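Structure first, commentary second.
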There are 2 protein chains.
Amino acid sequence: MEMDEAPARLRCKPSWLLNKVSARAHRLIKETMAAAGGHAYHFAILAALDEFGPDSQVQIGQRCGIDQSDMHAMLNELAGQGHVERTSDPADRRRNLITLTASGRRRLEELDTTLTGVQHDILDALSATERDTLTALLTRILG
Amino acid sequence: MEMDEAPARLRCKPSWLLNKVSARAHRLIKETMAAAGGHAYHFAILAALDEFGPDSQVQIGQRCGIDQSDMHAMLNELAGQGHVERTSDPADRRRNLITLTASGRRRLEELDTTLTGVQHDILDALSATERDTLTALLTRILG
DNA sequence: GACCAATCTTGGTCAGGCCAAGAGTACATC
DNA sequence: GATGTACTCTTGGCCTGACCAAGATTGGTC
C-alpha cells in the first residue's frame with residue numbers, strides 16, 4: 001500500500017492525483033458502508049427519493065448516474081430492507097413507482113451522518129476553507 | 001451519460017464529486033491511450049524508469065502504485081514493443097532488471113505530450129491558477 | 001390494428017485493483 | 001555447509017463498478 005516517491009511526471013498529472021484520491025475515498029466508503037450493512041448507491045437512491053419524491057427507476061438512475069440494471073439490484077436490496085416500496089404505477093403500468101418509507105427516511109439520515117463523517121477522514125489534511133474550495137472546483141469541472 | 005440534477009445531499013459530498021470527476025478523466029485517458037496503442041500504466045512505468053533508472057519490478061510497482069501481477073502484464077507489453085528490456089540482474093538473480101530503451105524514451109515523451117493534452121480537456125472549466133490549486137490540494141490529500 | 005417508444009428485467013461483458021500460491025534465489029545463522 | 005527465512009517473479013485467480021443488449025410488457029400514435 002505504501003508508495004515510494006512517485007515519478008514527478010506522474011505526480012504532476014491531475015488525472016493521476018484524482019484517480020488515487022478517488023480510489024482511496026472509494027475504499028474507505030465501501031468499507032464503512034459494508035460495516036453499516038449498506039452500499040454507497042443506497043444513499044444516493046434514498047437521497048433522490050427524499051429530495052424529489054416518488055419516482056420511476058429510470059428517473060432515479062438518471063439523477064444519480066446509476067445504470068438501470070444496477071438500479072434494479074440496489075432496489076431489490078432496499079426493498080428487502082423495507083426502506084423503499086416498489087409498486088406498479090397505476091397511471092403508467094410500465095413504470096414502478098419507488099417510494100421512500102419511514103424506515104427509509106431514518107436510514108437516509110443514518111447513512112448521511114456516516115458518510116459525512118467519512119468525508120472528514122478523507123479530507124483530513126485540508127482546512128475547512130480548503131475543503132470548500134476543492135468541492136467548488138470539482139463541481140465546476142463536472143459542469 | 002447526461003445526468004439530471006443530482007440530489008443536493010449527493011452533490012455536496014466530495015467523495016461523490018471525486019468519483020465522478022475521476023471516472024470521467026479515466027475514461028478520456030483510456031480512450032486516448034488506446035488510440036495511441038498504449039495504456040496509462042505504460043506512461044507511469046516509463047516515467048519511473050526515466051527518473052530513477054533501471055530497477056526491479058517490485059520497486060517500479062511501489063513507486064507507481066501498480067500491483068506485481070499487473071506490472072508483469074504491462075512489462076510484457078512494453079518489452080514486446082521494444083520500449084523496455086527485461087534482463088536477469090547478475091547481482092541478484094531473483095530480480096529482473098528493467099531498463100529503458102531509446103525507443104522507450106521517445107515513447108515516454110510521446111505519451112507525456114498526449115497525456116498533458118488530455119489534462120487540459122479534463123480541466124477545461126478551470127483557469128490556470130485554479131488547476132494549480134486543485135493539483136496542490138489533491139497532492140496534500142495524498143500526503 | 002399496426003407501429004413505435006418507453007420501462008423494467010435479465011443476463012451478460014470488461015477493466016482495474018487486488019490476493020495467494022508456487023518456484024527460484026539470496027542471505028544469515030547455526 | 002545445511003537449514004530456515006526473506007525476497008522476487010510468475011501464474012492464475014477473484015471482486016467490484018460500470019456498462020451493454022435483448023426480451024417482455026405497456027403506452028401512445030397513426
Side-chain angles (χ1 to χ4, degrees), chain A residues 1-3 15-16 18-34 38-45 54-79 84 86-98, chain B residues 1-3 15-16 18-34 38-45 54-79 84 86-98:
Chain A
M1 202 68 235
E2 311 76 30
M3 227 162 38
S15 64
W16 188 77
L18 277 167
N19 188 27
K20 286 295 175 197
V21 172
S22 167
R24 175 185 298 185
H26 189 271
R27 202 176 30 217
L28 244 183
I29 288 188
K30 186 185 157 193
E31 288 170 0
T32 310
M33 296 303 276
H39 191 288
Y41 280 167
H42 291 183
F43 171 73
I45 296 171
D55 227 329
S56 74
Q57 301 187 184
V58 227
Q59 259 296 352
I60 305 174
Q62 279 172 353
R63 289 193 201 284
C64 303
I66 303 179
D67 185 84
Q68 285 202 31
S69 59
D70 302 320
M71 177 65 61
H72 184 70
M74 291 302 118
L75 286 179
N76 285 345
E77 297 181 11
L78 284 171
V84 130
R86 177 155 45 182
T87 63
S88 185
D89 186 346
D92 183 343
R93 291 173 43 229
R94 290 173 298 184
R95 300 185 178 182
N96 288 339
L97 251 198
I98 311 297
Chain B
M1 203 65 231
E2 309 78 28
M3 227 161 39
S15 64
W16 188 76
L18 277 166
N19 187 28
K20 287 294 174 196
V21 173
S22 168
R24 174 185 298 185
H26 189 269
R27 174 186 246 168
L28 244 184
I29 288 188
K30 187 185 157 193
E31 288 170 359
T32 310
M33 295 304 274
H39 190 289
Y41 280 167
H42 291 184
F43 172 73
I45 296 171
D55 226 330
S56 74
Q57 302 186 184
V58 227
Q59 259 296 353
I60 304 174
Q62 280 173 352
R63 289 193 201 283
C64 302
I66 302 179
D67 185 82
Q68 285 201 30
S69 58
D70 302 321
M71 177 65 60
H72 184 69
M74 291 301 118
L75 286 179
N76 284 345
E77 298 180 10
L78 283 171
V84 132
R86 176 155 47 181
T87 62
S88 186
D89 185 346
D92 183 343
R93 291 176 39 232
R94 291 172 299 184
R95 301 185 178 182
N96 287 340
L97 252 198
I98 311 297

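Here the structure is a predicted model, which is why all the values come from computation and not from measurement.
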For Ile29(A) and dG17(D), what is the distance between atoms CD1 and P respectively, to the nearest whole Å? 12 Å

Determine: side-chain N/O of His39(A) to OP1/OP2 of dG17(D), distance under 4.0 Å, yes or no. yes

Take atom CG of Asn19(A) and atom P of dA15(C), then tell me their distance rounded to the nearest Å. 16 Å

Expressed in angstrom and rounded to an integer, what is the separation of His42(A) atom NE2 from dG17(D) atom P? 10 Å

Whole angstrom is fine here: how far is it from CG in Leu28(A) over to P in dT16(D)? 17 Å

Rounded to the nearest 0.5 Å, how far does CD1 of Ile29(A) lie from CH2 of Trp16(B)? 12.0 Å

Less than 4.5 Å apart, any side-chain heavy atom of Ile45(B) and any of Ile66(B)? yes

Taking CH2 from Trp16(B) and P from dG17(D), how many angstroms apart are they, rounded to a whole number? 16 Å

Side chains of Asp55(A) and Ile98(A), heavy atoms from C-beta outward: is any pair under 4.5 Å? no

For the pair made of CG in Leu18(B) and C1' in dG17(D), what is the distance, rounded to whole Å? 17 Å

With sequence neighbours excluded, residues passing side-chain contact (heavy atoms from CB on, under 4.5 Å) with Ser56(A): Val58(A), Gln59(A), Arg95(A)

Between dG24(C) atom C1' and Asp89(B) atom CG, what is the distance in whole Å? 15 Å

Note, Asn76(B) side chain near Arg86(B) side chain (heavy atom, < 4.5 Å): yes

Quick one, give me the B/S/- string for nucleotides 3-12 of chain C, reading 5' to 3', where B means a protein heavy atom under 4.0 Å from the base and S means that only happens at the primed atoms, P, OP1 or OP2. --BBSBBBB-

Nearest-Å distance, NZ (Lys30(A)) to C1' (dG17(D))? 9 Å

Are His39(A) and Met74(A) side-chain neighbours, meaning at least one heavy-atom pair lies under 4.5 Å? yes

